Trainee: 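Below is the structure I would like to discuss, written out as structure tokens.
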Amino acid sequence: MSDAPEKRGKPTTVLIVVDPSGSAERLEAELGEAARVLRDGGTVAFPTETVYGLGGNALDRRAVARIFAAKGRPQDNPLIVHIADMGALGSIASSVSPGARALADRFWPGPLTLILPKSDAIPDEVTAGLDSVAVRMPSHPVAAALIRAAGVPVAAPSANISGRPSPTSAEHVWHDMAGRIDMLVDGGSADIGVESTVIDMTCSPPMILRPGGITLEEIREVIPETVVLTGGEGLDGPAKSPGLRHRHYSPEAQMWLVIGEWDAQVDEIKSRAAAGVRLGRRVGLLVSTETAAKLCTWIRDCGGEGPAGEIIVAEIGSRNDASQVASGLFDGMRRLDAAEVDMMLAESYDARGMGLAIMNRLMRAAGGRIIRVQGEAGNDLISEKSIE
Ligand code: AMP
Ligand code: MG
């Protein structure tokens with residue numbers, strides 16, 4: 001397993017299934033083989049509470065190189081190092097400020113990633129040459145048991161082909177990664193459904209680089225002056241968080257995001273979908289339960305209207321429950337891709353609470369294809385620049 005990559009050939013991906021509700025001891029025992037693969041420099045995909053991760057030993061350059069190769073990830077996009085115990089932090093970060101300590105005490109284990117000054121033990125390949133490192137302690141019992149059993153910090157980006165929607169189930173990982181990684185641990189669905197919040201603790205005030213599973217409002221309860229990065233992360237300038245430069249979360253079909261007052265959004269989705277159907281396209285709608293309900297009679301009447309067009313709906317949860325929408329978001333994109341739609345139209349959401357992470361993913365998935373309709377919320381946290 002620790003041979004040079006060129007001698008290893010193409011991995012055959014081993015699938016193991018574990019029950020996340022088992023005791024920690026039982027999980028650690030069941031994950032013994034997966035832990036050995038990690039220690040030997042291999043790659044293992046596993047569930048976390050946010051999305052599935054693709055793990056490798058963070059202290060082993062060759063394991064880290066295998067993660068980048070399997071994903072086709074640009075080398076300048078650093079990885080998050082996952083730990084299972086607070087004690088491991090000291091060997092990863094060279095210092096931990098009182099603010100960082102307070103956030104870790106409050107939100108770990110959980111979906112919060114802290115950017116801290118890097119220790120020398122972490123290879124440059126993990127941090128893409130930066131002098132800071134991203135660290136998180138996941139709360140998912142399978143992730144925690146695997147890291148503990150491996151006995152090493154685990155570098156893990158999302159377990160998807162780079163640029164694609166993140167995987168929230170073992171099926172998603174298998175679709176993207178079978179034959180590219182050594183092992184997949186199926187431990188059921190990742191329930192939060194969007195990635196961790198990434199907060200830079202090396203600057204003052206702390207800055208959220210990527211909104212995620214812990215909300216801005218929750219972080220401000222601990223550090224009220226926390227700010228959110230908007231704009232400035234464009235393609236040309238030095239990026240605050242290198243990953244933001246790259247294409248991300250993109251379904252195969254082009255996605256259009258409609259922003260504005262709800263009724264106006266629904267009208268816009270109808271007219272764009274009807275136009276697509278008239279042109280013979282398969283149109284995917286990434287919408288809430290409420291919008292799907294509003295559209296259902298109309299779709300029945302309009303769906304057969306075009307020469308060969310069709311409307312396919314992926315319902316991703318209630319507009320009134322952002323956690324449902326977050327949890328269904330990437331799965332909805334992947335279902336529409338599997339249905340081989342030619343284009344997608346997505347509804348937008350209030351950018352407060354978890355809505356900020358949802359809108360960030362939707363805007364980046366749309367990659368600038370934003371349709372603004374009447375009554376657009378003037379929320380500066382989702383400025384157009386923040387999707388570059
Ligand atoms: P992913 O692993 O795809 O969920 O993405 C990890 C995110 O964390 C990316 O947006 C990275 O750019 C960001 N990240 C990781 N390490 C650092 C770091 N040292 N400084 C700033 N951002 C980082
Ligand atoms: Mg990712």
Side-chain angles (χ1 to χ4, degrees), residues 43 45-56 58 64 67-68 70-83 92-96 100 111-119 122-136 138 143 153-168 172-173 176-177 190 192-203 206-214 228-229 232-235 237-251 326 329-330 333-334 357 360-361 363-365 386-388:
T43 46
F46 58 94
T48 81
E49 71 277 21
T50 57
V51 302
Y52 268 71
L54 175 58
V64 172
I67 295 174
F68 279 93
K71 281 182 61 85
R73 184 174 173 103
Q75 298 290 332
D76 64 350
N77 189 1
L79 306 180
I80 297 171
V81 178
H82 293 71
I83 58 175
I92 293 163
S94 61
S95 68
V96 182
L112 181 70
T113 296
L114 302 175
I115 308 291
L116 301 170
K118 163 188 170 321
S119 94
I122 300 296
D124 287 340
E125 287 81 352
V126 172
T127 62
L130 297 173
D131 52 14
S132 59
V133 62
V135 197
R136 163 165 123 80
V154 175
S158 49
N160 53 284
I161 296 285
S162 202
R164 294 282 174 228
S166 299
T168 55
H172 297 165
V173 179
D176 279 18
M177 290 296 175
I192 295 178
V194 291
E195 297 82 350
S196 61
T197 303
V198 176
I199 184 165
D200 189 349
M201 300 306 295
T202 67
C203 55
M207 181 184 278
I208 292 180
L209 304 180
R210 174 177 78 181
I214 299 289
V228 180
L229 175 68
E233 70 273 36
L235 293 164
K240 187 80 186 147
S241 186
L244 299 174
R245 276 199 296 257
H246 299 290
R247 186 168 161 268
H248 235 111
Y249 318 119
S250 311
L329 188 63
F330 290 131
M333 290 181 199
R334 283 176 175 265
N360 169 274
R361 305 309 186 269
M363 291 183 91
R364 299 201 62 193
S386 67
I387 58 158
E388 285 173 338

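A quick note: this is a predicted structure, and the numbers were derived from the prediction, not measured. Read the numbers this way: they start at 1 and go in the same order the structure lists the ligands and their atoms.
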Trainee: Contact between N360 and E195 at the side-chain level, heavy atoms closer than 4.5 Å - yes or no?
Mentor: no

Trainee: Are any non-hydrogen side-chain atoms of L79 and R73 less than 4.5 angstrom apart?
Mentor: yes

Trainee: Examine the proximity of ligand 1 to T113 and report which part, side chain or backbone, both or neither, has a heavy atom under 4.0 Å away.
Mentor: neither

Trainee: Need the ligand 1 atom indices (1-based, order shown) with element for anything under 4.0 Å from a heavy-atom of P157.
Mentor: 2 (O)

Trainee: What atoms in ligand 1 come closer than 4.0 Å to a heavy atom of I80?
Mentor: 6 (C)

Trainee: With atoms numbered from 1 as shown, which atoms in ligand 1 lie under 4.0 angstrom from a non-hydrogen atom of L130?
Mentor: 18 (C), 19 (N), 20 (N)

Trainee: Please say whether R210 places an N or O atom under 3.5 Å from an N or O atom belonging to ligand 1.
Mentor: yes

Trainee: For the residue pair R210 and R361, establish whether any side-chain heavy-atom pair is separated by less than 4.5 Å.
Mentor: yes

Trainee: What atoms of ligand 1 come within less than 4.0 Å of a heavy atom belonging to S132?
Mentor: 18 (C), 19 (N), 20 (N)

Trainee: Less than 4.5 Å apart, any side-chain heavy atom of I80 and any of S196?
Mentor: yes

Trainee: Counting heavy atoms only, which part of L209 comes closer than 4.0 Å to ligand 1: side chain, backbone, both or neither?
Mentor: side chain

Trainee: Run the numbers for me: atoms of ligand 1, each under 4.0 Å from some heavy atom of N77, listed by number.
Mentor: 9 (C), 11 (C), 12 (O)

Trainee: Indicate, as side chain, backbone, both or neither, the part of R73 found under 4.0 angstrom from ligand 1 when only non-hydrogen atoms are considered.
Mentor: side chain

Trainee: Counting only heavy atoms closer than 4.0 Å, does ligand 1 sit against the backbone of T127, its side chain, both, or neither?
Mentor: neither

Trainee: Please list, chain by chain and in numerical order, all residues satisfying salt bridge (Lys or Arg N to Asp or Glu O under 4.0 Å) with R136, sequence neighbours excluded.
Mentor: E49

Trainee: Taking only residues two or more places apart in sequence or in another chain, which ones pass salt bridge (Lys or Arg N to Asp or Glu O under 4.0 Å) with K118?
Mentor: D124

Trainee: Mind checking whether K71 and N160 have side chains closer than 4.5 Å, heavy atoms only?
Mentor: yes

Trainee: Would you say the side chain of V133 lies within less than 4.5 Å of the side chain of S119, judging by non-hydrogen atoms?
Mentor: no

Trainee: So does S162 have any N/O/S atom less than 2.8 Å away from the Mg ion (ligand 2)?
Mentor: no

